[in-house]
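Worksheet for the structure shown next.
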Amino acid sequence: EPEVTQTPSHQVTQMGQEVILRCVPISNHLYFYWYRQILGQKVEFLVSFYNNEISEKSEIFDDQFSVERPDGSNFTLKIRSTKLEDSAMYFCASGQVDRGGYTFGSGTRLTVV
Amino acid sequence: KQEVTQIPAALSVPEGENLVLNCSFTDSAIYNLQWFRQDPGKGLTSLLLIQSSQREQTSGRLNASLDKSSGRSTLYIAASQPGDSATYLCAVRNGGSQGNLIFGKGTKLSVKP
């Protein structure tokens with residue numbers, strides 16, 4: 001069964017450093033998403049991406065965040081200057097328009113120290 | 001603003017019991033509703049997707065129902081097993097096909113042998 005692949009599975013970074021989280025969505029999917037889950041809290045929407053541009057973003061997704069689909073297969077989330085409160089599990093997801101369901105990756109646990 | 005609530009927050013049952021997890025949402029104008037399973041520290045596994053025009057979906061021992069007008073969904077698990085122990089998340093998708101998912105906080109299920 002097709003999978004959404006995320007790397008790395010766990011990343012530890014110093015506060016103020018830049019991190020890039022990587023995702024390989026399912027190949028025939030057109031819509032791509034990033035969500036995050038702070039420990040013990042709800043899964044929260046960050047951003048959706050379609051046709052090489054952001055289609056929707058939440059108020060969490062401020063100027064320190066950016067997304068990119070650099071080569072037609074990878075989908076990345078960059079956090080420019082990490083803060084302690086960015087520590088969370090970050091999930092990538094992809095979907096097809098006609099089915100409307102999402103397939104999630106297994107997540108990247110980001111720890112900011 | 002759409003809010004998703006899941007009751008109960010935690011549930012412990014003996015193996016073999018049938019059980020029901022509840023999900024409610026405040027805005028009935030949803031595109032679809034998806035149930036996920038999350039194991040500790042892991043990603044989200046999609047269990048069932050119900051489109052707004054459907055009343056229920058079944059997969060093996062799982063049955064999910066949707067009553068859009070009353071803003072409710074239930075996930076029924078038959079003949080529970082210890083391997084069913086996990087957190088079950090309900091998420092609704094608003095608006096058109098690009099709408100993001102809004103999650104509940106989940107029900108943590110423990111099935112005792």
Side-chain angles (χ1 to χ4, degrees), chain A residues 1-7 9-10 21 23 26 29-51 53-61 67 87-111, chain B residues 1-7 9-10 23-27 29-54 57 59 62 64 66 68 73 86-108:
Chain A
E1 188 169 334
E3 289 185 341
V4 174
T5 305
Q6 288 188 244
T7 55
S9 57
H10 190 189
L21 310 182
C23 170
I26 293 173
H29 284 186
L30 300 175
Y31 293 82
F32 314 110
Y33 308 87
W34 284 100
Y35 286 75
R36 79 173 185 188
Q37 185 179 32
I38 295 171
L39 188 64
Q41 298 189 21
K42 291 184 180 184
V43 177
E44 304 172 288
F45 168 72
L46 292 178
V47 65
S48 59
F49 192 86
Y50 169 70
N51 200 24
E53 60 183 23
I54 291 173
S55 49
E56 194 174 354
K57 60 182 180 180
S58 72
E59 52 198 33
I60 302 169
F61 194 87
V67 289
S87 294
M89 183 77 98
Y90 287 81
F91 295 108
C92 174
S94 66
Q96 291 178 314
V97 175
D98 60 349
R99 296 191 180 186
Y102 283 41
T103 301
F104 278 80
S106 55
T108 293
R109 179 168 297 285
L110 176 65
T111 303
Chain B
K1 182 185 171 186
Q2 180 74 271
E3 296 280 346
V4 179
T5 304
Q6 290 187 247
I7 295 172
C23 172
S24 62
F25 46 95
T26 54
D27 185 348
I30 63 170
Y31 187 78
N32 58 38
L33 182 147
Q34 204 164 354
W35 282 93
F36 294 90
R37 170 186 172 136
Q38 184 175 31
D39 292 285
K42 304 290 185 184
L44 307 176
T45 302
S46 179
L47 298 173
L48 289 164
L49 169 69
I50 310 178
Q51 300 294 347
S52 61
S53 58
Q54 297 176 320
Q57 283 286 334
S59 175
L62 305 180
L66 174 64
K68 205 174 81 159
S73 175
T87 296
Y88 290 82
L89 302 177
C90 167
V92 299
R93 191 173 194 179
N94 280 344
S97 58
Q98 291 180 259
N100 56 282
L101 286 175
I102 299 164
F103 282 81
K105 203 166 181 184
T107 294
K108 186 174 182 180

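Just so we're on the same page: letters track the sequence lines, and every chain starts at 1. The analysis underlying the following values was restricted to heavy atoms, covering all of them including side chains, and did not include hydrogens, waters or symmetry mates.
The two atoms that bring B/L44 and A/F91 nearest to each other are N-CE2, 4.3 Å, heavy atoms only.
Of the two parts of A/Q41, only the backbone, made up of N, CA, C and O, holds a non-hydrogen atom closer than 4.5 Å to a non-hydrogen atom of chain B. With a 4.5 angstrom heavy-atom cutoff, B/K42 touches chain A only via backbone atoms.
For the atom pair A/K42 NZ and B/E3 CD, the distance stands at 5.5 Å (nearest 0.5 Å). Taking CG of B/L89 as the reference point, atom CD of A/Q37 lies at 7.0 Å (rounded to 0.5 Å). Atom CZ in A/F104 sits 9.0 Å away from atom OG in B/S46 (nearest 0.5 Å).
Enclosure of atom NZ in B/K108 is not indicated, since only 12 or fewer non-hydrogen atoms of other residues, nucleotides or ligands lie within 6.0 angstrom. Few gaps surround CD on B/Q54; more than 12 heavy atoms of other groups in view lie less than 6.0 Å from it.
Counting heavy atoms from C-beta on, the side chains of B/R93 and A/Y102 come closer than 4.5 Å.
Side-chain N or O atoms of A/Y35 include one that pairs as donor or acceptor with a backbone N or O of B/L101 at under 3.5 Å.
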